[in-house]
Every structure is written in C-alpha cells, then in structure tokens.
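Within every chain, numbering begins at 1; the chains are lettered A, B, ... in the order of the sequence lines, protein sequences first and strands thereafter.
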Protein chains: 2
Amino acid sequence: MTAKLAIDLDRSSPVPLYFQVAEQISEAIRRGDLPPGSRLDNEIMLADRLGLSRPTIRQAIQYLVDKGLLVRKRGVGTQVVHGQVKRSVELTSLYDDLRRAGQEPVTRVLSLETAPAQEEIAAVLGLEPGAEVLRMERIRYAAGEPLALLHNWLPSGLAPLTAETLSERGLYELLRSAGVRMRVANQRIGARAATAVEARLLDERRGAPLLTMVRTAYDDQGRAVEHGSHIYRASHYSLEVTLIER
Amino acid sequence: MTAKLAIDLDRSSPVPLYFQVAEQISEAIRRGDLPPGSRLDNEIMLADRLGLSRPTIRQAIQYLVDKGLLVRKRGVGTQVVHGQVKRSVELTSLYDDLRRAGQEPVTRVLSLETAPAQEEIAAVLGLEPGAEVLRMERIRYAAGEPLALLHNWLPSGLAPLTAETLSERGLYELLRSAGVRMRVANQRIGARAATAVEARLLDERRGAPLLTMVRTAYDDQGRAVEHGSHIYRASHYSLEVTLIER
DNA sequence: GACATCAGAATGTCCTGACAAACACTGCCA
DNA sequence: TGGCAGTGTTTGTCAGGACATTCTGATGTC
C-alpha cells in the first residue's frame with residue numbers, strides 16, 4: 001500500500017532538491033506516516049509526481065539507504081526498513097550521548113596546557129616530534145557522580161579552547177563550532193582494573209573494572225585532529241555502536 | 001602530479017563498470033601507486049581516457065569517498081586521503097578478526113540446542129514468545145589460551161548449524177554462506193568483573209576485568225538474525241571500531 | 001497438484017548534456 | 001607591496017533517455 005506522502009519542494013532554496021526529498025521522506029518515517037515495511041512508490045512514479053528526474057529521486061533514496069532507513073530490492077521496490085534501527089553511525093562524544101539521554105553532564109577540567117608532544121603522541125597525531133600540542137585532562141560527571149576520566153591531545157592552534165568553555169560544553173561540540181570537520185575515527189575499546197589513583201578520582205574501589213577507549217579522529221583531509229585516552233566506570237556506563245554494512 | 005594509473009575495463013563482464021574502476025583505483029592506492037595526498041585526474045579527463053561517461057566515473061569515486069579512501073573538493077579536485085585510515089566499518093566477528101590477525105582460532109562448543117525462546121530473547125529477536133530458537137554457547141581459543149565466552153541465540157531454521165561446523169568455522173561465516181545477509185548491527189560494549197564460573201572457564205582470577213558485548217544483528221529486511229552476549233578476557237583482547245561520518 | 005516457463009514491474013547501470021557553485025590563482029590597481 | 005576583482009578549473013546538481021537484470025506472480029503443461 002502506498003501512502004500519499006506529500007512532499008513540497010523549494011526550487012529557489014540553495015538546499016539541493018535530492019536532499020529536500022530525502023529529508024521529507026525521512027521525516028515521514030520518523031513521524032510514522034511511513035510505517036516499517038511499507039512500500040514507497042516506484043522511482044519513476046515518484047519522479048513524475050514531484051516533477052523531478054529519476055536520477056534525482058534515486059540520489060535521495062540512495063542517501064536514505066546508506067543511512068539504513070530504506071531497503072531496495074530490484075524487481076520489488078523500495079521499503080522502509082523493519083525493526084528499530086537506531087540512528088546511523090555517528091562520531092559521538094560522551095557529552096553528546098549524555099545530553100541525548102536527557103542528563104546534564106558536568107565537566108571538571110583538571111589540567112589544560114600546551115607542551116611539546118611526547119614521541120608517541122606526535123606519532124599518532126602525525127606531527128613532528130616535539131611539536132606543540134594541547135593536552136587536557138577532564139572528569140565528566142553525570143547525576144552528581146563521576147563517570148569518566150578523559151585525557152586528550154590536540155594539535156595546537158586548532159581551536160580556541162579554555163578551561164571555561166570546556167567546563168560548559170563538550171570537546172567535539174567546541175571543535176565542530178570552530179569549523180573542524182571530523183570524518184573518520186578509529187577507536188580501540190578495552191577493559192582493565194582501576195589503579196588506586198583512578199579509583200580515587202572516579203569514586204570506585206581499587207581493582208574495579210573500567211572501560212577504556214583510545215580514539216584518534218581525523219578530518220576531511222585525513223589529518224589527525226584529536227587523540228584521546230579515556231576511562232569509564234563500567235558500573236555506570238557502556239558504549240553503544242551501530243554498524244551498517246553496505 | 002597525476003599518476004598515469006592504468007585501468008583496464010572488461011565491458012563483457014557482469015561486474016559493473018563503476019565498480020571495476022573503483023576496485024582498480026583502490027588497488028592502486030593500496031599498492032602505493034597513488035600515495036596519500038596525490039591528486040586524481042579530474043572527472044572529465046578520467047571519463048574521457050577510459051571511454052566512460054562522467055556519471056560512471058563519479059559513481060566510482062563516490063564509492064571510494066564513502067569508504068573513506070578519497071576526498072573531494074569542489075574547485076580543487078579529488079585526492080587520496082592522508083593518514084593511515086583503517087579498513088571501513090564492517091560487521092566483523094571475532095573469528096574473522098583473529099584470522100585476519102594471522103591467528104588460528106579454535107572453538108569449543110559447550111552447548112547447542114533448540115528450545116522455546118525466553119521472553120526477553122524473543123523480544124530482541126522480534127519473535128513470538130515461546131518460538132523455537134537455536135541457543136549455543138562456545139569458547140573461543142587463540143594461541144592455546146581461552147579468549148572469549150560466546151553465547152548466541154538465533155531464530156531456528158535460519159541456517160543448518162552443527163557442533164561440528166561451528167568448531168571449524170565462525171558463526172558469521174556460516175551464516176553468510178547460508179545466504180544470510182547481515183546489514184545492521186547494534187552493539188553495546190561494557191565491562192565487569194568475572195564471576196567464579198566465568199573465571200574458571202576463561203582461566204582468569206575471580207574479579208578479573210572482562211569486556212562484555214551484547215549484539216543484535218539484522219538483515220536486509222530489518223529482521224533480527226542473531227543475538228549474542230559475549231564476554232572477552234580484557235587482558236587478552238580489545239575491540240577496534242572505525243567510524244566514518246558522511 | 002506440482003513444476004517449469006513467461007510476462008510484468010521495479011531497480012541497476014550507463015549514456016549525453018547543461019548549468020551552478022566553490023576554490024585557487026593571476027593580474028590589476030591603489 | 002598589498003588587497004581585490006576577475007577568470008579558469010573542478011566538482012555539485014539536475015534533466016531525460018535507454019537497456020539490463022532480477023524478482024514476483026500468473027499461466028500453462030505434465
């Protein structure tokens with residue numbers, strides 16, 4: 001059964017037509033106008049009805065297929081995916097995650113300084129050994145409890161960061177608003193027992209299981225923009241990852 | 001500087017032309033013929049030289065941009081991404097990971113049985129409560145040491161699995177060769193201390209930190225095809241995830 | 001009644017053509 | 001010498017058309 005699905009286009013807008021179409025289909029799915037399993041009109045009909053060409057419609061649909069919202073099958077048609085597929089893969093930060101979960105994260109900046117990079121850090125960031133890097137250490141609280149100990153290194157001069165802004169907003173948010181566009185991140189997730197120092201900072205017992213994450217994020221150009229080594233209280237936090245295979 | 005980059009096409013092959021182009025560019029990057037940062041010819045020249053149209057070339061390049069191998073900028077051109085971007089996001093299994101790392105994983109099947117699904121399991125798999133599911137428990141060894149305790153539930157009748165085949169190959173490999181096409185997976189990663197039973201099975205001390213992963217994988221249609229609850233020895237294993245943001 | 005065959009429907013691939021927008025560079029002018 | 005406007009290059013978007021491939025369901029035959 002085909003929903004009527006009203007889509008209106010603004011040809012004078014700088015937003016590409018295919019994107020306008022994709023957004024409105026996506027909205028319809030989110031609203032429930034297009035329930036899981038329902039079939040879209042075929043591409044030619046859609047193109048006809050909206051006064052667009054088939055490639056434009058295809059581009060819109062392809063965009064949503066890549067995001068995991070739609071499924072196409074040759075000879076069959078395009079359907080809204082079944083099941084509660086979560087949000088697409090995203091480069092999220094702990095801060096974003098907590099905010100989305102309705103919490104009010106609080107950050108305490110333990111240290112923030114520029115210094116010559118240690119050899120290992122310079123290597124992962126792709127800098128000359130000894131180049132200036134910004135090094136910071138923070139504790140993130142949620143619901144009044146310490147949640148994670150965050151340790152980051154950034155190439156110096158990337159963004160104007162102060163202890164004050166870092167207390168109020170997340171690192172990724174600050175980087176994004178400074179025009180840094182992160183595109184690829186590699187993260188390694190492990191676990192280990194808390195040392196005495198870590199236990200004290202995180203209000204855990206020594207030997208308590210901690211979740212560790214080491215991440216390096218790269219921008220458009222493949223330049224490293226951030227390296228982080230974080231530990232989380234396993235009793236209070238777990239990581240969620242959604243993978244989509246093309 | 002533009003490498004000459006020889007690409008030969010087989011128009012009689014069933015492999016799409018855009019894919020042939022993408023594969024060969026990808027190969028050239030892997031071989032080092034196209035070093036990071038080097039510029040590709042512009043799309044029109046490439047199309048001209050290969051006797052293809054520009055949309056076909058664009059499709060090939062877009063494919064590689066999505067995989068994180070290339071970067072495009074309007075008015076500038078297309079470049080090979082800097083930095084050592086790892087493999088794209090993939091739905092990997094522990095077995096695949098170990099094989100790729102050059103190890104020879106061994107699996108011991110502890111149990112394998114069909115039974116009515118518990119309520120919770122039926123819910124995550126999207127089945128009627130009490131529907132038949134295949135439940136299995138395995139231990140995975142690498143280099144002679146126990147590495148992980150794997151607990152899985154599958155809708156019954158999905159693939160012909162026996163304790164014998166499961167000892168020799170990975171679950172995901174078996175599912176794939178049975179025609180199951182996994183496309184989306186949601187995984188939650190955490191950590192906790194080992195219980196006495198777990199410690200004995202994994203040759204750890206009680207209370208040792210373990211990495212936990214709960215994953216549900218869905219196919220093309222959004223139907224759940226596998227649910228797993230695994231624990232890994234944190235001292236011997238860590239998870240690696242690469243995220244690409246579009 | 002079961003199986004094979006065929007037609008219709010839908011997406012997949014590929015082509016040609018055109019204009020718009022962003023970026024880098026050059027040369028002009030103050 | 002420094003800033004600025006113009007110009008060329010390159011990718012981004014969009015149109016319209018053609019044929020191939022694959023899946024579903026109906027038809028027909030044994």
Produce a footprint string for nucleotides 11-17 of chain C: one letter per nucleotide, 5' end first; B if the base is under 4.0 Å from any protein heavy atom, S if only the sugar-phosphate is, - if neither. BBBSBB-
Roughly, in whole Å, what's the span from CE in A/Met45 to C1' in C/dG8? 16 Å
How close or far is atom C1' of D/dG12 from atom OH of A/Tyr63, stated in whole angstroms? 15 Å
Under the side-chain contact (heavy atoms from CB on, under 4.5 Å) rule, what do B/Leu150 and B/Arg140 come out as? Steps first, then yes or no, please. CA-CA 7 Å; B/Leu150 312 170; B/Arg140 179 70 43 80; 3.9 Å; yes
NZ/NE/NH1/NH2 to OD/OE distance under 4.0 Å, B/Arg72 and B/Glu43: yes
Report the relative orientation of the aromatic rings in B/Tyr63 and B/Phe19; use parallel for angles under 30°, tilted for 30 to 60°, perpendicular for over 60°. perpendicular
Taking all atoms of both residues into account, what is the closest heavy-atom pair of B/Arg135 and B/Ser111, and its distance? NH1-OG, 3.8 Å
Decide yes or no for A/Val71 and A/Val65: does some side-chain heavy atom of the first lie under 4.5 Å from some side-chain heavy atom of the second? no
